[in-house]
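Each remark here refers to the structure printed beneath this line.
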Amino acid sequence: MKWNGINKDSVNLYKGLGILLIVTHNFMHRFPSPKENEMYFDENTIYALFDIFLNEPSGILRAVFSYFGHFGVQLFVFFSAYGLALKYENKQCETLPFLKNRLIKMYPMFLISILFYISYIGVLKPLLLGKGMDGVIIFITSSYDAILLKLTLLYNLYPGQGFSLVGPWWFLSMIFQFYLIFPFVINMRNKYGNITLALPLILSIIIMYLFSGEIFGISLFFTVIGHFPLLALGIFMSSKQNVNIPKSFGYIALAIFSLGNFYFNFFLISHFMAFLILILFTYDKITTMKPTSITYKVFAYFGKISMPLFLVNGFLRFPFENYAHGYNNELITWLLFLPFLLICMLSSELLLTINRVFTQKVLIIKEA
């Protein structure tokens, strides 16, 4: 593979691929088996996957997305760092203006999605289940503290809060942690070169192994520490063009990733290896994909709505996921996935529209 950088259109295609992997995983992974080794490691998880391969062939496709689909997140991790590093290449990054800009892009849509969540899960769901206002009150009393904590964007740093309310929202807290350190990291890189990435990279790896991947019961994959090697790679590759990467790297990454399913020490670097596998075996196809192809159009569309889709898909699984678990039939599960995906798409478009109108009005008021 020859790395020649990647333009915005191709990044958007990768976002489309990534969000489709994530959304499909989120719908499929809460069946009894198989789970996934994402934040924490369980050596028995891979054997549950093998069991389905051997004894339930009709469930293989669902099992593959359940077990592997969450690695779509690694595409967003890498391209978040890659895009920001390109934007601030040889340019001073002022901390407060940078954080203000990031929050303007992220926070309003997050706030609106929280309101969506409260309306749908806190109000509509109890009413549909016949629990009436008692169900609404129970939701409020049991969830208000977690909702308030979500507003801080630091909830991943509290034990038991990473996956609370809406599981996929863990990513926002992690990426916000990255935003907090990015100005320092990129300014040092611009001043002294890519060698400055080595120290925080080595420190993050040492911390991961020294504390066995978690501190105070919090998986370091909920934090910027667990993802810093990939973030550093994104920053590093933003300054590289015309780099020949042997395909053997992909096979080495595949071997290490495979070991990470069986052994904890390899698991701690398996997320990084999963990204290498994805990029090395798809880069040429994604960057040369024809805009007229159906695959291009599908990936491009889902890339465009990837952020709102990321925010809403977790709680819109109700009631489709419940029906899927009730029937426990592979074909019915995939048939239920389709209306779920459609509602997620429509909700994402609505969220985009509301966010656009809201931010435009705020800007008009500020200018006035």
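Hydrogens, waters and symmetry mates play no part in the numbers below; they use all other heavy atoms, side chains included.
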Got a sec, which residues hit salt bridge (charged side-chain N to carboxylate O under 4.0 Å, His left out) with Arg30, two or more places apart in sequence or on another chain?
->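 Partners of Arg30 by the salt bridge (charged side-chain N to carboxylate O under 4.0 Å, His left out) criterion, ordered by chain and then number, come out as Glu321.
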Any donor-acceptor N/O pair, [X] side chain to [Y] backbone, under 3.5 Å:
X	Y	result
Tyr283	Asn4	yes
Asn26	Gly314	no
Ser66	Arg62	no
Asn190	Glu89	no
Tyr327	Thr333	no
Tyr301	Gly16	no
Asn187	Pro183	yes

Of all heavy-atom pairs between [X] and [Y], which one has the smallest distance, and what is that distance?
X	Y	answer
Val312	Ser347	CG2-CB, 4.3 Å
Leu157	Ile218	O-CD1, 3.1 Å
Ser204	Ile225	CB-O, 3.6 Å

Check whether any side-chain heavy atom of [X] sits under 4.5 Å from a side-chain heavy atom of [Y], and report yes or no.
X	Y	answer
Thr223	Leu220	yes
Tyr155	Phe222	no
Asn313	Arg317	no
Phe71	Phe257	yes
Gln74	His227	yes
Tyr323	Ile332	no
Phe76	Ile175	no
Met208	Phe221	yes

Candidate pair Phe262 and Tyr47, rule side-chain contact (heavy atoms from CB on, under 4.5 Å), full reasoning = CA-CA 9 Å; Phe262 298 92; Tyr47 296 106; 3.6 Å; yes
For Phe216, all residues meeting side-chain contact (heavy atoms from CB on, under 4.5 Å), sequence neighbours excluded |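 Result, side-chain contact (heavy atoms from CB on, under 4.5 Å) vs Phe216: none returned.
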Do any side-chain atoms of residues 237-251 form donor-acceptor pairs under 3.5 angstrom with protein atoms, and if so which ones, sequence neighbours left out?
{"from": "Ser238", "atom 1": "OG", "to": "Ile235", "atom 2": "O", "distance (Å)": "2.6"}
{"from": "Ser239", "atom 1": "OG", "to": "Asn194", "atom 2": "ND2", "distance (Å)": "3.0"}
{"from": "Ser239", "atom 1": "OG", "to": "Phe236", "atom 2": "O", "distance (Å)": "2.9"}

Please name all residues satisfying side chain to side chain donor-acceptor pair (under 3.5 Å) with His29, sequence neighbours left out, ordered by chain then number.
->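 Glu36.
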Using a 6.0 Å cut-off, check whether atom [atom1] of [X] has over 12 heavy atoms from anything other than its own residue.
X	atom1	answer
Phe98	CZ	yes
Tyr263	OH	no
Phe318	CZ	yes

Are Ile207 and Leu199 linked, directly or through other ILVMFWY residues, by side chains that come within less than 4.5 angstrom of each other?
->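 No, Ile207 does not connect to Leu199 through the hydrophobic network.
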Mutual orientation of the aromatic rings belonging to Tyr82 and Phe78 [parallel < 30°, tilted 30-60°, perpendicular > 60°] |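 If you compare the ring of Tyr82 with that of Phe78, the planes turn out parallel.
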Pairs of donor and acceptor atoms involving the side chains of residues 270-278, under 3.5 Å and at least two apart or interchain, shall be tabulated with distances.
{"from": "Ser270", "atom 1": "OG", "to": "Phe267", "atom 2": "O", "distance (Å)": "2.7"}
{"from": "His271", "atom 1": "NE2", "to": "Glu38", "atom 2": "O", "distance (Å)": "2.8"}

Which donor-acceptor pairs under 3.5 Å do side chains of residues 130-153 form with protein atoms, sequence neighbours excluded?
{"from": "Thr141", "atom 1": "OG1", "to": "Ile137", "atom 2": "O", "distance (Å)": "3.0"}
{"from": "Thr141", "atom 1": "OG1", "to": "Ile138", "atom 2": "O", "distance (Å)": "3.0"}
{"from": "Ser142", "atom 1": "OG", "to": "Ile138", "atom 2": "O", "distance (Å)": "2.8"}
{"from": "Ser142", "atom 1": "OG", "to": "Phe139", "atom 2": "O", "distance (Å)": "3.2"}
{"from": "Ser143", "atom 1": "OG", "to": "Phe139", "atom 2": "O", "distance (Å)": "3.0"}
{"from": "Lys150", "atom 1": "NZ", "to": "Gln161", "atom 2": "O", "distance (Å)": "3.3"}
{"from": "Lys150", "atom 1": "NZ", "to": "Ser164", "atom 2": "O", "distance (Å)": "3.3"}
{"from": "Lys150", "atom 1": "NZ", "to": "Ser164", "atom 2": "OG", "distance (Å)": "2.6"}
{"from": "Thr152", "atom 1": "OG1", "to": "Leu149", "atom 2": "O", "distance (Å)": "2.6"}
{"from": "Thr152", "atom 1": "OG1", "to": "Leu154", "atom 2": "N", "distance (Å)": "3.1"}

